[in-house]
Amino acid sequence: MAISISNYPVYLQDGLKPNRECLKSQGSQNEDQKVFHRDSCEVSQLSKNREILVDKIRHTVMQSATSFSDTRAEILKEIREEKGQYGYSDVVNACGLSYARLYSEIEQRHEGEQYYKADGTPLTKEEEIEWLDMQYEQEVVWQKSCAKIASQGQVIRGNISEMPTKELEELEDSFYQAKDAYMKLYRESRQVGKPLFLQNYMFGNSRMYEVLNRLGNLQERVE
């Protein structure tokens with residue numbers, strides 16, 4: 001004979017009467033097992049969700065507006081500590097090296113890994129390189145602006161007769177030459193497994209650096 005309690009069948013030998021307390025206990029145990037199984041599944045799913053969230057946070061890239069300038073500043077700091085000072089040639093080389101180093105980090109980051117923006121949407125290597133190009137362009141504009149302001153100040157003070165317009169234009173071109181040169185060096189270094197180092201490349205002509213370095217020296221004396 002079979003009876004059903006709480007949707008669970010219980011079989012009794014013929015002639016025996018069911019023990020109600022025993023049957024209630026059995027039904028309660030079955031319900032507890034169902035609850036335990038459900039809770040275990042929920043805890044397991046929460047654990048998986050947490051792992052996914054932590055992994056996504058670890059693969060989220062926060063693009064800082066100061067990333068490029070911070071990298072360039074650190075390189076120039078090392079130059080100053082080694083040589084006591086730095087000139088425009090060092091600034092141009094530091095910018096070229098900064099671009100190549102940040103480009104290298106982007107390529108390494110996207111080798112077989114998926115990264116995300118701050119809003120949780122996927123971030124591609126192409127988007128990061130586009131952001132890096134924009135940072136470099138802003139750096140070139142800022143460096144040229146600083147040189148122009150220094151020139152204007154020296155003209156007003158009578159230290160120089162006119163603005164070095166030609167040299168300022170050559171300075172801008174030098175930054176893009178440096179970018180290309182250090183990217184070539186990066187690709188060559190990557191093929192042989194060597195790290196990137198600062199070089200003493202000369203971009204533009206010596207006259208440009210002579211004029212711009214003189215502006216810098218005059219500015220330091222005034223300050």
Side-chain angles (χ1 to χ4, degrees), residues 63-107 126 128-157 159-192 194-223:
Q63 294 179 328
S64 170
T66 64
S67 293
F68 187 92
S69 58
D70 289 345
T71 304
R72 181 258 304 153
E74 186 61 31
I75 295 172
L76 290 177
K77 179 183 176 183
E78 294 175 2
I79 296 174
R80 184 189 290 275
E81 290 174 350
E82 180 183 348
K83 298 166 51 176
Q85 62 179 2
Y86 58 80
Y88 273 97
S89 177
D90 297 312
V91 174
V92 174
N93 275 278
C95 286
L97 178 59
S98 297
Y99 182 92
R101 282 183 175 175
L102 292 172
Y103 191 100
S104 173
E105 291 178 8
I106 291 172
E107 285 208 322
E126 290 71 24
E128 284 214 72
I129 292 174
E130 183 180 352
W131 166 82
L132 178 59
D133 287 338
M134 182 181 66
Q135 292 292 305
Y136 196 81
E137 290 171 4
Q138 291 177 350
E139 177 72 18
V140 173
V141 170
W142 185 78
Q143 291 289 350
K144 184 180 178 181
S145 177
C146 289
K148 184 177 181 180
I149 292 172
S151 302
Q152 291 172 337
Q154 299 314 316
V155 170
I156 293 172
R157 294 184 179 89
N159 293 323
I160 58 176
S161 59
E162 60 182 7
M163 286 281 293
T165 306
K166 181 180 178 181
E167 285 75 12
L168 290 174
E169 293 302 322
E170 290 177 344
L171 175 64
E172 181 176 356
D173 293 338
S174 295
F175 280 109
Y176 289 105
Q177 292 171 16
K179 172 186 170 183
D180 293 339
Y182 275 94
M183 280 303 297
K184 180 181 178 181
L185 179 64
Y186 160 62
R187 294 188 179 97
E188 293 173 350
S189 300
R190 188 180 183 185
Q191 289 180 353
V192 296
K194 291 184 178 180
L196 275 171
F197 290 107
L198 186 72
Q199 307 295 316
N200 291 319
Y201 292 139
M202 288 295 292
F203 304 100
N205 56 65
S206 57
R207 167 63 181 170
M208 177 193 75
Y209 291 117
E210 179 183 345
V211 171
L212 295 176
N213 285 333
R214 181 167 176 265
L215 288 175
N217 292 334
L218 287 170
Q219 188 71 12
E220 288 179 5
R221 293 196 198 105
V222 171
E223 292 175 352

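Computation of the quantities below employed the complete heavy-atom set of this structure, encompassing side-chain atoms and omitting hydrogens, waters and symmetry-equivalent molecules. For this chain, numbers begin at 1 and follow the sequence in order.
The closest donor-acceptor contact from the side chain of S145 to the backbone of V141 lies at 3.5 Å or more, if one exists at all. Proximity of a side-chain donor or acceptor of S104 to a complementary backbone N or O of A100 within less than 3.5 Å is not detected. No donor-acceptor pair closer than 3.5 Å links the side chain of R101 to the backbone N or O of L97. For the pair Y99 (side chain) and A94 (backbone), a donor-acceptor distance under 3.5 Å is absent.
Considering OG of S67 and CG of L132, their distance stands at 9.5 Å, rounded to 0.5 Å. With values rounded to the nearest 0.5 angstrom, E167 atom CD is found 11.0 Å from S174 atom OG. The CD1 atom of I129 sits 11.5 Å away from the CG atom of L102 when rounded to the nearest 0.5 Å. With rounding to the nearest 0.5 Å, the separation of CD in E126 from CD1 in I106 is 10.5 Å. Distance CG/D70 to CD1/I75: 11.5 Å, rounded to 0.5 Å.
Applying the side-chain contact (heavy atoms from CB on, under 4.5 Å) rule to S189 yields the partners L185, K194, L196; only residues at least two apart in sequence or on another chain are considered. Residues satisfying the salt bridge (charged side-chain N to carboxylate O under 4.0 Å, His left out) criterion with D133, sequence neighbours excluded, are K179. Residues meeting the side chain to side chain donor-acceptor pair (under 3.5 Å) test with R72, sequence neighbours left out: E139.
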| message | If you apply the rule side-chain contact (heavy atoms from CB on, under 4.5 Å), what do you find for E130 with M134, and how did you get there? | response | CA-CA 6 Å; E130 183 180 352; M134 182 181 66; over 6 Å; no
| Chi angles and distances behind the side-chain contact (heavy atoms from CB on, under 4.5 Å) call for V91, F175 | CA-CA 9 Å; V91 174; F175 280 109; 4.2 Å; yes
| Pair M163-L168, side-chain contact (heavy atoms from CB on, under 4.5 Å): steps then yes or no | CA-CA 9 Å; M163 286 281 293; L168 290 174; 4.0 Å; yes
| request: For the pair L171 and V92, evaluate side-chain contact (heavy atoms from CB on, under 4.5 Å) and give the outcome as yes or no after the intermediate values. | output: CA-CA 8 Å; L171 175 64; V92 174; 4.0 Å; yes
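Aromatic ring centres of Y182 and Y201 lie closer together than 6.0 Å. Outside the 6.0 Å centre-distance limit, the rings of Y209 and Y88 are not counted as a close aromatic pair.
Crowding of K144 atom NZ: a count of heavy atoms from other residues, nucleotides or ligands under 6.0 Å exceeding 12. For CD of E81, the number of neighbouring non-hydrogen atoms (other residues, nucleotides, ligands) closer than 6.0 Å is greater than 12.
The closest side-chain heavy-atom distance from E162 to V155 is not below 4.5 Å. For the pair Y176 and E137, the minimum side-chain heavy-atom distance is below 4.5 Å. Looking at T66 and S69, their side chains come closer than 4.5 Å, going by heavy atoms from C-beta outward. Taking 4.5 Å as the limit, some side-chain heavy atom of E74 sits within range of a side-chain heavy atom of E78. Two residues are said to be in side-chain contact when any heavy atoms from C-beta on lie closer than 4.5 Å; L212 and M208 meet this criterion.
Of the charged side-chain nitrogens involved, at least one lies within less than 4.0 Å of a carboxylate oxygen, so that K83 and D90 count as a salt-bridged pair. Ion pairing between a basic and an acidic side chain is recognised when a charged N comes within 4.0 Å of a carboxylate O; R190 and E107 show such pairing.
No side-chain donor from either of N93 and Q199 sits under 3.5 Å from a side-chain acceptor of the other.
Of all heavy-atom pairs spanning R214 and N159, the tightest one is NH2-O, 3.4 Å. P164 and V211 get closest at one heavy-atom pair: CB-CG1, 3.7 Å.
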